[in-house]
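In what follows, a structure is listed as structure tokens, so that the remarks can point back to it.
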Protein chains: 2
Amino acid sequence: MTVNRAQQKEKTRRLIIDAAFRLLSQERSYSSLSLREVAREAGIAPNSFYRHFEDMEELGLTLVDEGGVALRQLMRRARQRIRDEGSVISASVETFMEFIHSSPQVFYLLLRERSGTSMAFRKAVSRELQYFIVELADYIQQTQGYPAADAKIQAEAMVILVFNAGADALDCKPAELKQLTDKAITQLRYIARGADEFLKGRRSESKKSASRSDK
Amino acid sequence: MTVNRAQQKEKTRRLIIDAAFRLLSQERSYSSLSLREVAREAGIAPNSFYRHFEDMEELGLTLVDEGGVALRQLMRRARQRIRDEGSVISASVETFMEFIHSSPQVFYLLLRERSGTSMAFRKAVSRELQYFIVELADYIQQTQGYPAADAKIQAEAMVILVFNAGADALDCKPAELKQLTDKAITQLRYIARGADEFLKGRRSESKKSASRSDK
DNA sequence: ACTTTAAGTATACAAGTGTACGCTGAAAAT
DNA sequence: ATTTTCAGCGTACACTTGTATACTTAAAGT
């Protein structure tokens, strides 16, 4: 049986991508990986790498894109959970914590490259996080009726805090995980409540609006 | 004139430390520096490095400690400014933004090693940030009268947001800096207000307490 | 005055890196 | 049936890295 050439190429490309993800860990950042190391892990010759990516940066940006896909799947799961539980905040935080433990490599990548040395990487990660922020901002805007700008500022703060709680979660013992989750939930509730107090004056004439931000 | 041997050694040690800081930039993280590179920048032979530090990790931890000193000086400046301006939040955020632009290298180090691959580094940075958090938590506790645990959760959220705003500030054009600062201030005000709303119920019997968290 | 100590150096080596060059073999195009 | 294309490989080269060993030399200790 003759395999399609393009199919074979795609297969090798996957080998490289998977190898790179496999090499990421708490002790190993993407920027510390060498081309030869990735090739070795993928089971190909160093030079074969160039048939698929210009250089390590191009591979890295591809990984960030793939990470973004995983993040958006996460969002879908979180949305489902919000419908089930009713509380946006705790559902989101808990879903995110589960994600970090099920796909730590993706999180390592995003966490570190977000503040890394490559502008291209920082922008790529930032773009992926914007999906989260915009989606959350929309939700806030719809349920709370805040102006778009204010909703986004609030959403951004929330995403940053959840992200940071995730980073802490990687270092902590499983026993402390719940405590950490609760802390993040509390912090997000402060924000939700504070924003509500600040903004309810501005929409006092509008009479619809449910005034509480999280049950 | 004969110079004291210990003095000379200390001088060379400083050369190394300063060289390492000088090499840090938006494009260069500490973990990407090589021993030889630092030695070259310091103007000494590679092997001389070992007369002062066991390895690059030890030097790095020293840099974090020095960064901590800079941070605590910053806190002092912020405290002064709070007295002058009256608003804790805007004074703190603005002081921090100025710090980032006057000592970017220190900030690069703390920002990246905070989520880096070395547990020792992460702990060291975390310890330095705790000074900030504890100090801010004390202030909140004293002025607002919240329980210590709640004050700390609030302080932590605030420090994380300011830190992240700082990271964004490094990438943005000077024109957008004010906008970014204002955003962070707004986020911190949400937290302060939200925490106040959540906690004022609990201290309803106490009659002293000024209820507003920021002027 | 002599010896000891130790900061700084020069040389050297093994290991790892990115990548240029040329080849192979099989799939695709003609 | 013949030619072209191209994914993957082997070899090679110039570099950089950490660090071991052995040295110099001037300060400190005796």
Side-chain angles (χ1 to χ4, degrees), chain A residues 1-25 27-63 112-113 116-121, chain B residues 1-25 27-63 112-113 116-121:
Chain A
M1 169 208 169
T2 66
V3 283
N4 188 306
R5 186 136 86 177
Q7 282 175 352
Q8 178 53 43
K9 180 166 186 184
E10 183 53 35
K11 224 171 178 175
T12 308
R13 187 185 147 96
R14 268 252 70 81
L15 281 181
I16 296 174
I17 292 174
D18 291 346
F21 267 124
R22 235 176 296 131
L23 288 171
L24 295 181
S25 72
E27 294 81 25
R28 216 79 167 64
S29 72
Y30 181 77
S31 53
S32 80
L33 299 184
S34 74
L35 185 151
R36 287 178 105 105
E37 207 172 354
V38 172
R40 216 177 299 133
E41 175 76 22
I44 62 169
N47 273 331
S48 302
F49 181 95
Y50 295 111
R51 303 285 183 200
H52 303 271
F53 302 97
E54 178 89 4
D55 51 25
M56 283 293 284
E57 167 149 313
E58 195 177 307
L59 169 60
L61 293 175
T62 306
L63 295 191
R112 292 191 178 125
E113 300 313 323
T117 51
S118 155
M119 171 107 248
F121 274 55
Chain B
M1 168 205 168
T2 66
V3 283
N4 187 304
R5 186 136 87 176
Q7 283 174 352
Q8 179 53 44
K9 181 166 186 183
E10 182 53 34
K11 222 168 177 177
T12 307
R13 188 184 146 95
R14 268 252 70 81
L15 281 180
I16 296 174
I17 293 173
D18 292 346
F21 267 124
R22 233 175 299 131
L23 288 171
L24 295 180
S25 72
E27 293 80 25
R28 216 78 167 65
S29 73
Y30 181 77
S31 53
S32 81
L33 299 184
S34 74
L35 186 151
R36 287 178 104 105
E37 207 172 354
V38 173
R40 216 178 299 134
E41 175 75 20
I44 61 169
N47 273 331
S48 303
F49 182 95
Y50 294 111
R51 303 286 182 197
H52 303 271
F53 302 97
E54 178 88 4
D55 51 24
M56 283 294 284
E57 167 149 313
E58 195 178 305
L59 169 60
L61 293 176
T62 305
L63 295 190
R112 292 190 179 125
E113 299 313 323
T117 50
S118 155
M119 170 110 250
F121 274 55

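So you know, we letter chains A, B, ... as the sequences are listed, proteins then strands, and number each from 1. The basis for the numbers below is simple: all heavy atoms, side chains too, and nothing from hydrogens, waters or symmetry mates. This is a predicted model, so every value here is computed, not measured.
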At under 4.0 Å between heavy atoms, how does the protein contact nucleotides 1-11 of chain D? Give one character per nucleotide, 5' to 3', with B, S or -. ----BBBBBBB
Could you tell me how far apart [X] ([atom1]) and [N] ([atom2]) are, to the nearest whole angstrom?
| X | N | atom1 | atom2 | value |
| --- | --- | --- | --- | --- |
| A/L33 | C/dG16 | CG | C1' | 14 Å |
| B/R40 | C/dG8 | CZ | C1' | 18 Å |
| A/D55 | C/dT17 | CG | P | 16 Å |
| B/Y50 | C/dA10 | OH | P | 17 Å |
| A/E58 | C/dG18 | CD | C1' | 16 Å |
| A/L35 | C/dA20 | CG | P | 11 Å |
| B/E10 | C/dA6 | CD | C1' | 16 Å |
| B/N4 | C/dA6 | CG | C1' | 13 Å |

So, using side chain to side chain contact (heavy atoms under 4.5 Å, CB included) as the criterion, who are the partners of A/R22 when residues are at least two apart?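 Expected list: A/D18, A/A19, A/E41.
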Can you name the residues that form a side chain to side chain contact (heavy atoms under 4.5 Å, CB included) with B/A45, not counting sequence neighbours?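 For B/A45 the side chain to side chain contact (heavy atoms under 4.5 Å, CB included) partners, ignoring immediate neighbours, are B/S48.
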Identify, with sequence neighbours excluded, every residue that meets salt bridge (charged side-chain N to carboxylate O under 4.0 Å, His left out) alongside A/R51.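 Here no residue qualifies.
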Partners of B/D55 by salt bridge (charged side-chain N to carboxylate O under 4.0 Å, His left out), sequence neighbours excluded?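 For B/D55, no residue satisfies salt bridge (charged side-chain N to carboxylate O under 4.0 Å, His left out) once neighbours in sequence are set aside.
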Reading DNA chain C from 5' onward, which residue's closest nucleotide shows up sooner: A/A6 or A/E37?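 Its nearest nucleotide lies further toward 5', so the answer is A/E37.
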Between B/S34 and D/dT17, is there a side-chain N or O to OP1/OP2 distance below 4.0 Å?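 Result: yes.
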Output all residues satisfying ring pair (Phe, Tyr, Trp, His ring centres under 6.0 Å) with A/F21, sequence neighbours left out; order by chain, then residue number.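 Result, ring pair (Phe, Tyr, Trp, His ring centres under 6.0 Å) vs A/F21: none returned.
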Of all the heavy-atom pairs spanning B/V38 and B/L23, show the shortest one and how long it is.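 Residues B/V38 and B/L23, closest heavy atoms: CA-CD1, 4.0 Å.
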